[in-house]
J.: 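Following this message is one structure expressed as structure tokens.
Values below: all heavy atoms of this structure, side chains included; hydrogens, waters and symmetry mates excluded.
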Amino acid sequence: MPPDKVAAYADSLCYTDLVAGYYIGAPESLLSAVADLSSWFFGWDDRHDRDAVHGRAAGWRRLCAGLHETLQDPWAQRHHKDPLVAGFADCVLRLYAHLGPRWNARFARHFHPVIDAYDHEFGNRRTGTVPSVEAYVELRRLTFAHWVWIDLLEPTAGYELPDAVRKHPAYRAAALATQDFSAWYNDLCSLPKELAGDEVHNLGISLIHHDGLSLQEAVREVHRRVSECVTDFLAAEPDVLAIADALLDGGAEGRKAGAALHSCVFNMRNWFSSVYWFHHESGRYRVENWDDQSLPPYVSDAPGPDIPECGESVPQSVGGQE
């Protein structure tokens, strides 16, 4: 977004407002960093779209490589000439200041596959490949960065949860329900603009393409799945709260862990209302007001500062694994 578009559109897009309801109780420095990461994520998503549309494969792969490198050494990327890499480094450094090396390493492990999943989507866009419903669900859990947003519940609570709690089936079920709800509700609201832009990554598009559903049937099916996420969360929530209450009886460290887990579950619940609110307030989904439904008015379609000429050779990005 060039300065004139920032002035005209940034506030109405509500990118920073979105996370304010996700991470209630976070210190201001953390909330600011997460809000900036949210804004950065939307900018990255729009670059991904424009690079795919214009076939800028070399520039895209250079960006992916820079993001992977940032997770390994964010200090070294603070002044990268691509503002998306430099901005990511700034966010990562600020996030890394809260819980320590163990949490930081987990954040990086969870973000490497997100970059690789976006790269996978880039290939699908270039070939017009619509993933199957099952493949799309798994891919979406990476491109939406499910576990990254769940990880951020812990610095909000000021405490790193024990592995036994984080990996407990009830905790993972509740977390997955909040994130699937968010990703699929986003698909529901972004379906008009993604159909207009010949996008291939949307739960509704996969249902239409592979299951033979009409547009109206696909919308109903996505809505059903979104509603089921609420039911799934409500089923898992009591079990997670029971774990938290049991921890509170376990001495000083147990009380810290129990209070942190209560905070995490409280903010998981907040994802539902925050995501719903955002999609009905943000100008990102008001396709009916755009002159060209395939190109949002707030996006500059000009090449970015770090996009090389077509045909320039760059190394393939290599991602980490959880």
Side-chain angles (χ1 to χ4, degrees), residues 1-10 12-15 18 36-68 70 77 80-89 91 111 114-131 136 139-140 142-145 183 186-187 189-202 205 282-287 289-317:
M1 296 173 68
D4 61 327
K5 291 196 175 187
V6 171
Y9 295 105
S12 64
L13 292 172
C14 303
Y15 290 164
L18 175 61
D36 286 348
L37 179 68
S38 175
S39 297
W40 173 88
F41 220 112
F42 284 108
W44 182 39
D45 188 74
D46 288 335
R47 169 82 73 84
H48 171 264
D49 176 70
R50 292 295 92 193
D51 280 358
V53 167
H54 294 296
R56 300 189 289 235
W60 170 254
R61 297 205 183 280
R62 175 177 288 177
L63 173 58
C64 288
L67 298 179
H68 280 303
T70 297
Q77 306 299 326
H80 197 284
K81 60 182 177 178
D82 187 331
L84 272 177
V85 177
F88 186 51
C91 291
F111 215 107
V114 174
I115 300 166
D116 290 337
Y118 260 83
D119 194 31
H120 183 86
E121 282 200 350
F122 185 88
N124 285 348
R125 285 292 301 276
R126 295 300 301 147
T127 59
T129 302
V130 179
Y136 174 75
L139 184 64
R140 186 65 165 133
L142 290 173
T143 57
F144 195 82
N186 176 268
D187 282 2
C189 294
S190 62
L191 184 57
K193 76 183 184 73
E194 291 182 347
L195 285 171
D198 294 324
E199 174 60 273
V200 296
H201 298 104
N202 186 293
I205 291 172
S282 174
R284 188 173 177 89
Y285 307 100
R286 295 177 186 162
V287 180
N289 296 328
W290 302 353
D291 293 333
D292 178 356
Q293 294 193 352
S294 68
L295 180 64
Y298 51 84
V299 170
S300 173
D301 207 29
D306 194 42
I307 296 174
E309 295 297 324
C310 290
E312 180 180 343
S313 177
V314 296
Q316 296 284 330
S317 60

J.: Give the minimum heavy-atom separation between Tyr15 and Ser39, together with the two atoms involved.
T.: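 Answer, listing the atom of Tyr15 first, then Ser39: CB-OG, 3.4 Å.
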
J.: Report yes if some heavy atom in the side chain of Phe42 is under 4.5 Å from a heavy atom in the side chain of Tyr298; otherwise report no.
T.: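 Phe42 does not reach Tyr298 side chain to side chain.
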
J.: Which residues pass the side chain to side chain contact (heavy atoms under 4.5 Å, CB included) test with Pro2, not counting sequence neighbours?
T.: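 Side chain to side chain contact (heavy atoms under 4.5 Å, CB included) list for Pro2, sorted by chain: Asp4, Lys5, Ser300.
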
J.: Test of understanding: with ring-ring contact (aromatic ring centres under 6.0 Å, His included), list the residues that count as partners of His201, not counting sequence neighbours.
T.: none

J.: Would you call Leu18 and Phe41 a side-chain contact if the rule is heavy atoms closer than 4.5 Å?
T.: no

J.: Looking at residues at least two apart in the chain, or sitting in another chain, which of them share a side chain to side chain donor-acceptor pair (under 3.5 Å) with Asp292?
T.: Ser294

J.: Under the ring-ring contact (aromatic ring centres under 6.0 Å, His included) test, which residues partner Tyr118, sequence neighbours left out?
T.: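 In terms of ring-ring contact (aromatic ring centres under 6.0 Å, His included), with neighbours along the sequence ignored, Tyr118 is linked to Trp44, His48.
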
J.: Assess the residue pair Val200 and Thr129 against the criterion (side chain to side chain contact (heavy atoms under 4.5 Å, CB included)); give the C-alpha distance rounded to whole Å, side-chain angles, the decisive distance to 0.1 Å, and a yes or no.
T.: CA-CA 7 Å; Val200 296; Thr129 302; 5.9 Å; no

J.: Are the side chains of Arg140 and Asp187 in touch, meaning some heavy atoms are under 4.5 Å apart?
T.: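 Touching, per the 4.5 Å side-chain cut-off.
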
J.: Would you name the heavy atoms of Pro83 and Lys81 that are closest together and state the gap between them?
T.: CD-O, 3.3 Å

J.: Looking at residues at least two apart in the chain, or sitting in another chain, which of them share a ring-ring contact (aromatic ring centres under 6.0 Å, His included) with Phe122?
T.: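 Testing Phe122 for ring-ring contact (aromatic ring centres under 6.0 Å, His included), a comparison that skips the adjacent residues, returns Trp60.
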
J.: Show your working on side-chain hydrogen bond (donor to acceptor under 3.5 Å, both in side chains) between Asn124 and Tyr136 and close with a plain yes or no.
T.: CA-CA 11 Å; Asn124 285 348; Tyr136 174 75; over 6 Å; no

J.: So, taking the atom named CZ in Arg126 and the one named CZ in Arg56, what distance separates them when rounded to the nearest 0.5 Å?
T.: 10.5 Å

J.: With rounding to the nearest 0.5 angstrom, report the OH to CG distance, Tyr285 to Leu191.
T.: 12.5 Å

J.: One pair to check against side chain to side chain contact (heavy atoms under 4.5 Å, CB included): Leu295 and Arg50. What are the steps and the verdict?
T.: CA-CA 9 Å; Leu295 180 64; Arg50 292 295 92 193; 3.5 Å; yes

J.: Minimum heavy-atom separation for Ala86 and His80, please, with both atom names.
T.: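 Heavy atoms of Ala86 and His80 come nearest at CB-O, 3.7 Å.
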
J.: Compare all side-chain heavy atoms of Leu84 with those of Leu63 and state whether any distance is below 4.5 angstrom.
T.: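 In short, these two side chains touch, coming nearer than 4.5 Å.
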
J.: How would you list, by chain and number, every residue that makes a side chain to side chain contact (heavy atoms under 4.5 Å, CB included) with Ala117, sequence neighbours excluded?
T.: Leu139, Leu142, Thr143

J.: List the residues meeting side chain to side chain contact (heavy atoms under 4.5 Å, CB included) with Ala8, not counting sequence neighbours, and say none if there are none.
T.: none

J.: With sequence neighbours left out, write down each residue that passes side chain to side chain donor-acceptor pair (under 3.5 Å) with Ser12, or none if nothing qualifies.
T.: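 Once residues adjacent in sequence are excluded, Ser12 has no partner under the side chain to side chain donor-acceptor pair (under 3.5 Å) criterion.
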
J.: Quick check for you: to the nearest 0.5 Å, what is the distance between Cys64 atom SG and Asp119 atom CG?
T.: 4.5 Å

J.: I'd like to check the side chain to side chain donor-acceptor pair (under 3.5 Å) partners of Asn202; sequence neighbours left out, ordered by chain and number.
T.: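 Residues passing side chain to side chain donor-acceptor pair (under 3.5 Å) with Asn202: Glu194.
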
J.: Is it true that Phe111 and Phe88 have ring centroids separated by less than 6.0 Å?
T.: yes

J.: For Pro297, enumerate each residue passing the side chain to side chain contact (heavy atoms under 4.5 Å, CB included) test, keeping only those at least two apart in sequence or located in another chain.
T.: Tyr9, Trp290

J.: Tell me, please, which residues at least two apart from Arg284 pass salt bridge (charged side-chain N to carboxylate O under 4.0 Å, His left out).
T.: Asp45, Asp46

J.: A side-chain contact here means heavy atoms from C-beta on lying under 4.5 Å apart; do Asp116 and Glu121 qualify?
T.: no

J.: Within this structure, what is the CG-CZ distance for the pair Asp51 and Arg61, rounded to the nearest 0.5 Å?
T.: 11.0 Å

J.: Does Glu199 have any salt bridge (charged side-chain N to carboxylate O under 4.0 Å, His left out) partners at least two apart in sequence or in another chain, and if so, which?
T.: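 Scan of Glu199 (salt bridge (charged side-chain N to carboxylate O under 4.0 Å, His left out), adjacent residues dropped) gives Arg125.
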
